[in-house]
Chemist: 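Have a look at the structure that comes next, please.
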Amino acid sequence: MASHPLSAQAERLARAERLMADKAYQPAHALCLEVLSADPGAARAWFLLGVLAADHDNPLKAAELFGRAAALDAADPKAPAQLARCLIALNRREEALDAAQEAEARGAADAHTLDTLGVVYSRAGLHDRAIGFFERAFAREPRNAGFAYNLAASRQFSGDFDGAEAAYAAALDLDPSLHRAWSSRVQLRRQTAESNFVEALSRQFEAAGGDAERRLHLGHALAKTYEDLGDPQTALSWLLKAKSAKRRDVGYDPAADAELFEAAAATFRAGDESQGDPSERPIFVVGLPRTGTTLVDRILSSHPQVRSAGELTNFALILKRMTKTPGAYVLDAPVLEGALGLDLRRAGASYLESVRPVVGGEGRFVDKMPLNVIYAGLIHRALPNARIVCLRRHPMDACLANFRQLFATGFSYYDYAYDLADTARYYAGFDRLVAHWRAALPADRFTEVAYEDLVADQEGETRRLLDFCGLDFDPRCLAFHENGAPVATASSVQVRRPIYASSVGRWRRYGEGLAPLRQALEAAGIAVE
């Protein structure tokens with residue numbers, strides 16, 4: 001007896017799905033096309049093609065395919081959920097949230113779709129909303145270590161450190177080799193001689209072999225542990241071991257960043273006019289990472305007239321779209337050079353419109369993207385009444401903090417931080433650029449805040465900061481650690497504590513181990529003492 005066409009179609013698609021699970025993409029692709037040639041309305045075939053495109057890092061094509069699948073099958077939540085994930089990867093936040101809400105309306109019930117929606121809401125900065133999806137996903141599949149990890153990270157961002165610890169522990173119970181969970185878990189609490197994971201981490205590091213990504217996470221976890229145990233020299237040796245292979249993998253080119261800093265300085269010179277959008281709403285907090293940018297964001301957003309927008313890439317993306325430069329990089333010399341030919345008043349207005357869904361239509365807000373220091377001149381041209389606050393820190397402490405930080409490895413703009421000498425060269429370029437902004441930009445629109453000064457005189461520096469931003473003093477800004485809003489940065493643990501001075505002069509604890517860093521800074525003309 002001949003099989004029914006629908007059952008034959010289902011059989012082909014089931015076989016395609018199995019092939020994709022085994023990464024046999026070509027035969028899976030052929031089966032999907034075979035089904036679509038007979039039935040162009042086969043939503044599941046379009047969905048599987050979307051998965052295939054997403055697996056090949058093509059979110060734009062995947063979004064198109066998931067969109068077709070979602071339109072063809074109005075009941076299945078999987079396609080709009082995956083569409084939302086692609087759109088958030090493409091920085092199309094509002095479209096992503098619309099697709100996520102459509103998936104919710106269809107009754108997202110399977111664990112994978114729930115987890116996907118949690119990821120979308122988390123990446124959109126809606127961490128309180130994301131937690132519920134992660135909890136439901138893990139409850140449905142309590143043997144899935146990845147779901148436990150996502151739940152833990154979301155709890156950490158929201159300040160539930162006990163809950164985060166429990167979820168990280170669950171993830172590692174399920175998969176002891178989950179390196180991201182190890183590097184995150186040790187950040188939650190101070191490790192002690194009585195309670196630490198040195199043995200397990202060392203075993204995992206050895207088992208990682210030549211896997212540079214795993215070695216990076218596990219080595220960072222060991223370094224944090226030895227720092228807590230009062231052994232900075234051993235901590236540094238672990239960092240050097242952890243980062244060396246990754247440095248070779250990324251192939252960082254210091255000349256590219258030198259060119260970037262030079263192009264940035266050319267975007268605004270002393271005496272240049274600025275005729276952008278007149279809004280006074282934005283406060284840009286910029287600088288090197290790990291120099292107090294999150295601390296200043298929390299201080300400012302503790303003011304009742306200010307809210308935090310988090311780390312936004314909106315300004316950069318608007319310039320990239322307006323310049324239409326080739327290539328995948330959003331931040332590079334061609335974008336900066338091309339931006340000088342744009343209508344920057346329109347760029348400023350577009351930026352304000354783009355952040356409206358995050359911060360509303362009124363009131364002041366903080367955009368805390370450290371890399372916006374590169375755009376300071378263009379920001380002033382586009383938004384001449386915006387305030388720009390640049391964080392500074394002792395060069396040795398700033399470089400060490402960047403070297404100690406485990407940045408997102410898919411974000412190439414921080415590739416300098418895999419090597420001490422590269423970090424020193426980057427700092428020198430940053431220092432020269434900030435000196436240029438100090439001379440070129442109006443003093444009532446650009447200011448610097450030294451992390452050490454903020455620690456030594458919290459109230460005085462807070463009052464100066466608020467005055468610069470045109471805000472009245474409010475004592476809640478001194479109690480920033482009581483601010484309950486989510487924090488999705490590397491400082492998510494630290495900023496929930498009162499201000500502390502233990503990080504000032506940290507570099508001195510490392511002795512001769514940091515001699516190469518000091519020598520590289522001095523060779524670049526940076527005075528250390």
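Predicted model, so just to flag it, every value in this text is computed and none were measured. One-based numbering along the sequence shown.
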Chemist: Could you walk me through whether Tyr121 and Phe133 pass ring pair (Phe, Tyr, Trp, His ring centres under 6.0 Å), step by step?
Modeler: CA-CA 9 Å; Tyr121 287 127; Phe133 288 95; 5.4 Å; yes
Chemist: Extract all donor-acceptor atom pairs below 3.5 Å that involve side chains of residues 162-173 and protein atoms in other chains or at least two apart in sequence.
Modeler:
| residue | atom | partner | partner atom | Å |
| --- | --- | --- | --- | --- |
| Asp162 | OD1 | Arg189 | NH2 | 2.4 |
| Glu165 | OE1 | Arg189 | NE | 2.8 |
| Glu165 | OE2 | Arg185 | NE | 3.1 |
| Glu165 | OE2 | Arg185 | NH2 | 3.4 |
| Tyr168 | OH | Gln156 | OE1 | 2.8 |

Chemist: Can you name the side-chain hydrogen bond (donor to acceptor under 3.5 Å, both in side chains) partners of Ser183, sequence neighbours left out?
Modeler: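 Partners of Ser183 under the side-chain hydrogen bond (donor to acceptor under 3.5 Å, both in side chains) test: His217.
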Chemist: How are the rings of Tyr426 and Tyr416 set relative to one another: parallel (under 30°), tilted (30 to 60°) or perpendicular (over 60°)?
Modeler: parallel
Chemist: What residues form a side-chain hydrogen bond (donor to acceptor under 3.5 Å, both in side chains) with Asn372, not counting sequence neighbours?
Modeler: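 In terms of side-chain hydrogen bond (donor to acceptor under 3.5 Å, both in side chains), with neighbours along the sequence ignored, Asn372 is linked to no residue.
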Chemist: Between Ser274 (side chain) and His380 (backbone), is there a donor-acceptor pair under 3.5 Å?
Modeler: yes
Chemist: Scan for salt bridge (Lys or Arg N to Asp or Glu O under 4.0 Å) pairs involving residues 251-272, sequence neighbours excluded, and state none if there are none.
Modeler: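 Those involving residues 251-272 are Asp272-Arg381.
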Chemist: Taking only residues two or more places apart in sequence or in another chain, which ones pass side-chain hydrogen bond (donor to acceptor under 3.5 Å, both in side chains) with Thr323?
Modeler: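 Scan of Thr323 (side-chain hydrogen bond (donor to acceptor under 3.5 Å, both in side chains), adjacent residues dropped) gives none.
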Chemist: Mark yes when over 12 heavy atoms from residues, nucleotides or ligands other than Asp472 sit less than 6.0 Å from its CG; otherwise mark no.
Modeler: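 For Asp472, atom CG is not crowded (no more than 12 foreign heavy atoms under 6.0 Å).
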Chemist: Tell me, please, whether Phe365 has Arg307 positioned over its six-membered ring: NZ or CZ under 6.0 Å from the ring centre and within 45 degrees of its axis?
Modeler: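 No, Arg307 does not lie over the aromatic ring of Phe365.
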Chemist: Without swapping roles, check the side chain of Lys241 against the backbone of Leu216 for a donor-acceptor pair under 3.5 Å.
Modeler: no
Chemist: Would you mind reporting whether Phe261 and Ile374 have side-chain heavy atoms less than 4.5 Å apart?
Modeler: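 SC-SC contact between Ile374 and Phe261 confirmed.
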Chemist: Give a yes or no on whether the backbone of Asp160 and the side-chain of Ser158 come within a donor-acceptor separation of less than 3.5 Å.
Modeler: no
Chemist: Trp238 vs Tyr226, test: side chain to side chain contact (heavy atoms under 4.5 Å, CB included). Steps then yes/no.
Modeler: CA-CA 9 Å; Trp238 276 111; Tyr226 279 105; 3.5 Å; yes
Chemist: Not counting sequence neighbours, list each pair that qualifies as a salt bridge (Lys or Arg N to Asp or Glu O under 4.0 Å) and has a residue in residues 397-424.
Modeler: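 Pairs touching residues 397-424 that pass the test: Glu227-Arg404, Arg247-Asp422, Asp422-Arg425.
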Chemist: Which donor-acceptor pairs under 3.5 Å do the side chains of residues 200-209 make with protein atoms, sequence neighbours left out?
Modeler:
| residue | atom | partner | partner atom | Å |
| --- | --- | --- | --- | --- |
| Ser202 | OG | Val198 | O | 2.8 |
| Gln204 | OE1 | Arg214 | NH2 | 3.2 |
| Gln204 | NE2 | Pro176 | O | 3.3 |

Chemist: Applying ring pair (Phe, Tyr, Trp, His ring centres under 6.0 Å), which residue pairs with at least one partner in residues 505-529 are found, sequence neighbours left out?
Modeler: His394-Trp507
Chemist: For Arg281 and Ala386, indicate whether the former's side chain and the latter's backbone hold a donor-acceptor pair under 3.5 Å.
Modeler: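 Looks like no, no N/O pair under 3.5 Å.
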Chemist: Which of these, Thr294, Leu295, Thr462, sits in a side chain to side chain contact (heavy atoms under 4.5 Å, CB included) with Phe480?
Modeler: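 Of Thr294, Leu295, Thr462, side chain to side chain contact (heavy atoms under 4.5 Å, CB included) with Phe480 is met by Leu295 alone.
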Chemist: With a 4.0 Å cut-off on N to O distance, would you call Arg215 and Asp211 a salt bridge?
Modeler: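 Judged by the 4.0 Å cut-off on N to carboxylate O distance, Arg215 and Asp211 do not form a salt bridge.
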Chemist: Taking the six-membered ring of Tyr149, is the NZ or CZ of Arg180 close enough (under 6.0 Å from the centre) and on axis enough (within 45°)?
Modeler: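 Yes, a cation-pi geometry.
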Chemist: Would you be so kind as to tabulate the donor-acceptor pairs closer than 3.5 Å made by side chains of residues 520-529, with sequence neighbours excluded?
Modeler:
| residue | atom | partner | partner atom | Å |
| --- | --- | --- | --- | --- |
| Glu522 | OE2 | Arg518 | NE | 3.3 |
| Glu529 | OE1 | Arg508 | NH2 | 3.3 |

Chemist: Partners of Pro370 by side chain to side chain contact (heavy atoms under 4.5 Å, CB included), sequence neighbours excluded?
Modeler: Pro289, Thr293, Glu311, Lys368, Tyr414
Chemist: Applying ring pair (Phe, Tyr, Trp, His ring centres under 6.0 Å), which residue pairs with at least one partner in residues 278-297 are found, sequence neighbours left out?
Modeler: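 Output for this query lists Phe284-Tyr351.
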Chemist: Just checking, is any N or O donor in the side chain of Thr409 or Lys246 under 3.5 Å from an acceptor N or O on the other one?
Modeler: no
Chemist: Who pairs with Arg392 by side chain to side chain contact (heavy atoms under 4.5 Å, CB included), at least two apart in sequence or on another chain?
Modeler: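 In terms of side chain to side chain contact (heavy atoms under 4.5 Å, CB included), with neighbours along the sequence ignored, Arg392 is linked to Cys390, Tyr427, Phe430, Asp431, Val434, Arg438, Glu448.
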Chemist: Let's go through Glu280 and Arg364 carefully: what are the C-alpha distance in whole Å and the side-chain angles of both, what is the deciding distance for salt bridge (charged side-chain N to carboxylate O under 4.0 Å, His left out) to 0.1 Å, and is it a yes or a no?
Modeler: CA-CA 8 Å; Glu280 290 186 293; Arg364 308 292 295 282; over 6 Å; no
